[in-house]
Q: 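To start, I am sharing the structure in question, which I have written as structure tokens.
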Amino acid sequence: MTDTTAIQLETKNKMMKTLQYKRLKLPILGIVFIFGTLTVALYITILVKINKKFSENGFSTEKLMINSKLLHQSSDLSLAESIRIDEVMTYLNELQHIATAFNGTRAVNTPGFNSTLDYIVNYLTANTNYKVNKNFFYMRDFSLANNPVLISSINGVKKNYTYSTNLSTAEFYHVKFSISANFSKGVPLTLVPNGGCTDDDWRKAKPPPQGRVVLVERGICFFYDKAVIAAKYKVAAILFFNDGLAPDRFSPEEVVLAEENALPALFLSYAAGEALANAALDLSSNANVQLFIDVKDLPDFPVGNICADTPTGDPTQTIVIGSHSDSVTEGAGINDNGSGSAANLALAVTLARLFRSPAYPKYKYRVRFCWWGAEEEGLVGSVYHVIQALSSTVVGERFSDYLVNLNYDMLGSPNYIFGIYDGRTVRNDTPTEALSGSNKITALFRDWFVRHKLPWDYTGFDDRSDYFPFLAGGIVAGGLFSGADDVKTQQERDRYDEMLGQGAGGIAGIIHDPCYHKECDTIQNINVFGYEKMVQAAAYALEFLGRHNDLKSWLYASSDSH
């Protein structure tokens, strides 16, 4: 990362736009399935077979050999061996107790979220000598003054669609940060093709979308992206609809747009959306809708970020370990993201315990453990932190003081994968200085799973978690992810069965976490075996980086500045 003011300002503007537009209640995209069994051995014949597998997936023999050397040099690491899964599960159980005590949720602007922050701060204070800070920022709040109304007219036949907070029976649902609308006269419909993710999609829409209510199907890009483009084409309102591609994609869903959104919006079921889309394509049907949305703003509410710093290590060379502390409103969020929060807490406390022993050398780098608030509202906490760091001149608080961000968001999915963020999949506009190091972090995690004869998969850097603002600012990033609502394939199941034992590969044809963003995301939703391996891999990566002799040069070898 460069220190020039112009680049800092440009990056800060990106963060501000992200703060306005990011939204994460969508399915995680971009799992790249890796087929074949990977093993590590010392014999040439086995190494040749492994190299062949890597060649099929675009990796060279040279890269594998380099990574094997790194593993050999790091064989005496012990943080991973010091992590106790029963201790991590104790933290998760405490998060479950908090949610149970407060109406089953730990979402922002609830007592469950505030109690989660108190628990993490109090536990860190009692069990480490870290410098613990809790910083607050404010978010806009929203509510419906009245239930919205949607009435269609197709060939002169009117239909009044059902609104309900029970999404299984609702035909449509409100969208958070929609503006009010009162379309007492029918407004004609236009279907935007291909998900409405590009200008080309909108230019192809017939009739042109200006002044009309547009129908936009779920998929390909974020809902906030669709809404931003819709505003550009001056539509009257936007009706999102589900795609029916999986059993849980027929009902309407809760969607949150940017706090600055200026369009009326609703989310329709697959059946309602398809009916209106087909009618919109038939110009002779004279399809139109009446729309009534009555919203009101509520007082802003505070949200907290927590960061805890090791007392030793160079503050101008900081390793940032991040996870988000909030759940969705629908449930306790024990996998999403209690699992990441508890893993982060275990890493912090276990490292503090080891640092108290003279036999365990302290790292030359400061480690900062952070729990971001309001990730489920659009990465708000991590983006806020990065914006503040970009503006800071305090040594140790500047964005330029960060070397790497490791992100842990969902590590215990019941139908899990051992997913590793793939550095090759970062956005095209990611600063080049972050690319080489992010690929090295990918390889670091991959090699741990190879070394332990465990299956693994790549997962895409799709901007849907808190690594995004760090990558956007040119900071190397990486992390692990056990899967959300992508479906486990038969080949994936068979590969995990082959390496872990029959029956251990999960269930093909269902999603990695059937309780993703649902009430059932409780302590019973955690696969303890898979979770333990993910936490151990996270501990290994932290210790490897902490013990590296020249981490900055290693991560930014091809960059002229950072």
Side-chain angles (χ1 to χ4, degrees), residues 1 15 79 117 120-121 123-125 127-137 304-325 337 340-355 362-373 375 379-409 434 437-438 441 465-480 535 538-548 551-552 555-556 562:
M1 186 192 71
M15 297 303 101
L79 180 59
L117 298 190
I120 294 171
V121 169
Y123 198 87
L124 288 168
T125 301
N127 292 278
T128 75
N129 62 345
Y130 296 166
K131 179 183 178 183
V132 182
N133 288 308
K134 183 163 60 173
N135 296 310
F136 288 93
F137 55 92
N305 283 335
I306 299 168
C307 285
D309 298 340
T310 56
T312 58
D314 184 354
T316 69
Q317 298 188 79
T318 296
I319 299 167
V320 181
I321 312 295
S323 56
H324 74 85
S325 55
N337 182 38
S341 293
N344 204 355
L345 189 58
L347 291 172
V349 172
T350 304
L351 185 63
R353 192 180 298 141
L354 287 172
F355 277 171
K362 294 178 175 59
Y363 303 161
K364 66 183 293 185
Y365 314 102
R366 182 181 66 175
V367 183
R368 170 167 282 182
F369 300 92
C370 293
W371 291 261
W372 314 119
E375 187 267 4
L379 314 185
V380 182
S382 58
V383 170
Y384 173 82
H385 179 87
V386 167
I387 291 172
Q388 297 299 112
L390 285 165
S391 301
S392 180
T393 58
V394 178
V395 174
E397 302 302 321
R398 303 165 301 183
F399 196 59
S400 58
D401 295 326
Y402 291 161
L403 292 180
V404 59
N405 169 241
L406 300 180
N407 185 70
Y408 300 117
D409 185 357
S438 294
I441 299 299
S465 197
D466 291 305
Y467 53 76
F468 169 75
F470 294 90
L471 269 177
I475 297 296
V476 167
L480 300 172
V535 178
Y540 167 78
L542 171 57
E543 189 169 53
F544 180 94
L545 298 175
R547 287 191 176 183
H548 202 286
L551 186 56
K552 180 183 288 189
L555 290 173
Y556 298 92
H562 177 267

Q: Once you round to the nearest 0.5 Å, how far does CG of L347 lie from CG of L79?
A: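 With rounding to 0.5 Å, CG (L347) is 6.5 Å from CG (L79).
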Q: Kindly say whether W372 contributes a backbone atom to a donor-acceptor pair with the side chain of S325 at under 3.5 angstrom?
A: yes
Q: Under 30°, 30 to 60°, or over 60°: which ring-plane class applies to F355 and Y363, parallel, tilted or perpendicular?
A: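 Perpendicular, since the angle between the ring planes exceeds 60°.
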Q: Could you tell me if the side chain of L551 sits less than 4.5 Å from the side chain of I319, heavy atoms only?
A: yes
Q: Any side-chain heavy atom of L542 within less than 4.5 Å of one from F369?
A: yes
Q: Working to the nearest 0.5 angstrom, can you tell me the gap between L379 CG and D409 CG?
A: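 Atom-to-atom, L379:CG and D409:CG are 9.5 Å apart.
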Q: With a 4.5 Å cut-off on side-chain heavy atoms, are I441 and L555 touching?
A: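 Contact flag for L555/I441 side chains = yes.
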Q: Given 3.5 Å as the limit, does a donor-acceptor pair link the side chain of N344 with the main chain of C370, or not?
A: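 Yes; at least one donor-acceptor contact below 3.5 Å.
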Q: Tell me whether the rings of F544 and Y540 are parallel (<30°), tilted (30 to 60°) or perpendicular (>60°).
A: tilted
Q: Quick one: pull up OG1 in T316 and CG in L403 and give me the separation to the nearest 0.5 Å.
A: 8.0 Å
Q: Are the side chain of Y384 and the backbone of G373 linked by a donor-acceptor contact shorter than 3.5 Å?
A: no
Q: Is there a donor-acceptor pair under 3.5 Å between the side chain of Y130 and the backbone N or O of A348?
A: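 Checking the backbone N and O of A348 against the side chain of Y130, a donor-acceptor pair under 3.5 Å is found.
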Q: Could you go through the side chain to side chain contact (heavy atoms under 4.5 Å, CB included) check for R368 and K131 one step at a time?
A: CA-CA 9 Å; R368 170 167 282 182; K131 179 183 178 183; over 6 Å; no
Q: Is there a donor-acceptor pair closer than 3.5 Å between any side-chain N or O of S323 and the backbone N or O of N407?
A: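 Checking the backbone N and O of N407 against the side chain of S323, no donor-acceptor pair under 3.5 Å is found.
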Q: Going from CG on N305 to CG on L117, what distance comes out if it is rounded to the nearest 0.5 angstrom?
A: 8.5 Å
Q: With side chain to side chain contact (heavy atoms under 4.5 Å, CB included) as the criterion, how do L406 and L545 come out once you've worked through the C-alpha distance, each side chain's angles and the decisive distance to 0.1 Å?
A: CA-CA 11 Å; L406 300 180; L545 298 175; 3.9 Å; yes
Q: Any chance you could measure T310, atom OG1, to Y365, atom OH, to the nearest 0.5 Å?
A: 13.0 Å
Q: Okay, side chain of R366, backbone of G396: is any donor-acceptor separation there less than 3.5 Å?
A: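 Flag set: sc R366 to bb G396 pair under 3.5 Å.
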Q: Taking the side chain as every heavy atom from C-beta outward, state whether E375 and S465 have any pair of such atoms under 4.5 Å apart.
A: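 The answer is yes; the side chains approach within 4.5 Å.
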Q: Is V476 close to Y402 at the side-chain level, that is, under 4.5 Å between some pair of heavy atoms?
A: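 Of all side-chain heavy-atom pairs linking V476 with Y402, none is under 4.5 Å.
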Q: Quick check: does any side chain N or O of S438 sit under 3.5 Å from a backbone N or O of A477, one acting as donor and the other as acceptor?
A: yes
Q: With rounding to the nearest 0.5 angstrom, report the CG to CD distance, L351 to E543.
A: 8.5 Å
Q: So does Q388 get a backbone contact from the side chain of S392, meaning a donor-acceptor N/O pair under 3.5 Å?
A: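 Here the side-chain-to-backbone pair does not exist.
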Q: One pair to check against side chain to side chain contact (heavy atoms under 4.5 Å, CB included): N405 and L471. What are the steps and the verdict?
A: CA-CA 8 Å; N405 169 241; L471 269 177; over 6 Å; no
Q: Keeping Y408 on the side-chain end and N337 on the backbone end, is there a donor-acceptor pair under 3.5 Å?
A: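 Judged by distance alone, no pair lies under 3.5 Å.
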